2 protein chains.
Amino acid sequence: MNGAQPGLGAAHASSGAAILDVIRAAGTISRVELTRATGLTAATVSTVVRRLIDEGLVVEAGRAESTGGKPRMLLRLDPYARYAVGVHLDHAGITYVIANLGGAVVARWRRPGAGADDPRDVVARIAAEIATTVTRTGIDPALVLGVGVVSPGPISMTTGMTLTPPVMQHWAEFPLAAAIGDATGLPVLLDNDATAAAVGEYWSGGVATGAACATLYMGTGIGAGIVVDGTVYRGRSSNAGEIGHVCVALDGPECWCGSRGCVEAFAGPAAVVAQARAAGVVLPGRGVSEDFAALARAAARGEAEPMRLLRASAEYLGVAAQTLANVLDLDLVVLTGPSFALAGSLYLPVVQERLARSFFARGAHPVRVTISTHASEAAAVGGAALVLQSELAPRQAGTRMVVEALTELPTGA
Amino acid sequence: MNGAQPGLGAAHASSGAAILDVIRAAGTISRVELTRATGLTAATVSTVVRRLIDEGLVVEAGRAESTGGKPRMLLRLDPYARYAVGVHLDHAGITYVIANLGGAVVARWRRPGAGADDPRDVVARIAAEIATTVTRTGIDPALVLGVGVVSPGPISMTTGMTLTPPVMQHWAEFPLAAAIGDATGLPVLLDNDATAAAVGEYWSGGVATGAACATLYMGTGIGAGIVVDGTVYRGRSSNAGEIGHVCVALDGPECWCGSRGCVEAFAGPAAVVAQARAAGVVLPGRGVSEDFAALARAAARGEAEPMRLLRASAEYLGVAAQTLANVLDLDLVVLTGPSFALAGSLYLPVVQERLARSFFARGAHPVRVTISTHASEAAAVGGAALVLQSELAPRQAGTRMVVEALTELPTGA
């Protein structure tokens, strides 16, 4: 966080982040319960909580019901103490959200996409949009922690789009994070849409703390984000979760990724739209997103061919969910992203049925399948959640995995 | 660990395990370097190292080359200070290894399998085998840390085979860990073959510390073990890595798992043996393992039909490796297990070629594919490694994932 920002300061660098995270997860909690939950001493909890209250991050929220002695004072986050901006940058549209410290969306808006424009012009537009809306909503700009920028993967988290994303070839090598950081004066985090959506789902309360969860994200492509026990799984180069590019037919059609028979090549929105056109379904022809939306509306009206095509796509998404569940031993799959926002009610029962029937460890536990409550703007919500996560729960941001000791961790002194 | 055992005692419960793990990974290391690597104070390192030396776990190994001042004393594990037993329990054969603290195998032997025998008789045989060999090799029984028992999954890690494994239905509900613990007087850990093999690969030095690695295990079935940055990934119920049961053809053959078109149903040893028999290849007919071995020998002699069948199987294993790599963003896939020990040289180039061509993030980094140096007894070696891991590096045993702070972790005081 830069010097002008009221980041979490000293709290960030020590036990403050841990305490904040426990308070956030608990909703309201007393100092005594905090001591128990964190393993910190009562004196440390008391000192850190006092500092968090001074910084405005935590407030006292009334007394708990008495269990005999003096009722305990409950603590909670002040959700309006800080804000984060999420930007979902796509060629077809740019979605913005501003979320508060509690993960609630306080503003959301959408503007035309990056299209074929020069990346520098797009970045200037993004910075102006953020500044305008922060002012218009009356948020103190000094309380904005940062910007999470989300784009169809693959992406390099540190430098920007150094890996060429499929639909925005001219953004290759563009230093996205640095450019947006310069233009906004805010810290910037980057991630791909599916991973960000998973963080957003976790942060907004859709995923229980201990769950092994994947979000199956369908925008124009298909990807997955993996959050296990509150931790993002990123893999070697932050390209984990590429479930759209697992092979479901060895002699299947060629995919843009260079492989054959990928789930996305059979069942992604672009494939389904092409299949519909080949079958004579009349579509607006203004891009995959709009055509897929038209197809989803036609299916919802009960038109036979659109229904058949979307059901066939849903079978493949069911296979994708089964693959994720069998490889990762999941207990929750969340369908999210704009395409599931449009057609999720058609996909959901098919994916549920497939997992009930075919999940390998179904004898041990079921896999629940749900639709995100903010599927259409999941990536932008995820962008904001990335910023909150890196501030409030840096140990869960997922750059490296370590495992908590069965016994006590070495404590450094 | 039970009271009669010289476990790692106090060291286990605090910073000792962390220091032991760093010494193990480093080979030899000085106290100053240990201080740097662990973040512990020089005083703590000094105290803990003295205790580890007193317990016989660590020895001084001569002085480092001088870089000006007094040359530093190097520390290393005493590999013969403790031992662990690994048992791979299968219906066709039981493989045993004894490994020392350094992960080296000091004894390995094989006996007839569990077959249709009463589990209690099998457990009595296992206990007798362990006792006899420990005595014969002159190992002090008091130095044996425990037994890691490995079986084809699914398995319940805590209680035993409460999930019915495919080929040993009559072991369902048998309290395997408790029975072997009672019979041997040793602590017992359970795991499935593929996961144990991954731990064994990591422990025996086949996997670099920071790697995102999966072992693709082929015995009579096909599974995978996942080790990322030294940590085992287990999922919700220790059934992660079921790559043999991902669907590669929606209308493919039925699989014993209840799904259709699974990799194992197309390409597992049982499927390949059945395909060979249908094609008129003469096989001994003494079970899948022996028939697959005969087929692998025929292919090695250049016989056309066996070569064609194994190459077709290898294509599916290539798809399985691609799926693992794309979901987990791997940089290493290790082929291991008895079937790869037999036919790995035929599978390896096919899998390598597939990943070079089809791994999604190949623009970011390659995925290396190797064959384990102990592929035939990988599960038993993994069993012993599980015990060493739980003693020496409990934070990496994989019961829960947490993520290291980008900044400093809360230290508890």
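Not measured: the values here are computed from a predicted model. All chains are named by letter (A, B, ...) in the order of the sequence lines, taking the proteins before the strands, and each is independently numbered beginning at 1.
Within the 4.5 Å cutoff, the side chain of T323(A) has heavy atoms near those of the T323(B) side chain. With a 4.5 Å cut-off on side-chain heavy atoms, R260(A) and S358(B) do not count as touching.
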Might you work through the side-chain contact (heavy atoms from CB on, under 4.5 Å) test for Y233(A) and L328(B), ending with a clear yes or no?
CA-CA 8 Å; Y233(A) 177 82; L328(B) 296 164; 3.7 Å; yes
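A donor-acceptor pair under 3.5 Å links the side-chain atoms of D329(A) to the main chain of S237(B), judged by distance alone.
Heavy atoms only, all atoms of each residue included: A364(A) and N239(B) are closest at CB-ND2, 4.3 Å. Scanning all heavy atoms of the two residues, the minimum distance from R236(A) to L330(B) falls at CB-C, 4.5 Å. Considering all non-hydrogen atoms of both residues, V327(A) and V327(B) come closest at CG1-CG1, 4.2 Å. In terms of heavy atoms, R362(B) sits closest to C257(A) at NH2-O, 2.7 Å.
Neither the backbone nor the side chain of I19(A) has a heavy atom closer than 4.5 Å to any heavy atom of chain B. Interface residue H365(A): only side-chain heavy atoms are found under 4.5 Å from chain B. The contact between V248(A) and chain B is made by backbone and side chain atoms together, counting heavy-atom distances below 4.5 Å.
Ring-plane geometry between H245(B) and F360(A) is classed as parallel, the angle between the planes falling under 30 degrees on a 0 to 90 degree scale with a further cut at 60.
The local environment of CZ in R357(A) is crowded, with over 12 non-hydrogen atoms from other residues, nucleotides or ligands closer than 6.0 Å.
Chain A forms more heavy-atom pairs under 4.5 Å with one residue of A325(B), G241(B), G261(B), A211(B) than with any other, namely G241(B). The residue among A240(A), A43(A), A212(A) with the most heavy atom pairs within less than 4.5 Å of chain B is A240(A).
Taken from CZ in R354(A) to CG in L250(B), the straight-line distance is 5.5 Å, to the nearest 0.5 Å. Atom CD of residue Q322(A) and atom SG of residue C262(B) lie 6.5 Å apart, to the nearest 0.5 angstrom.
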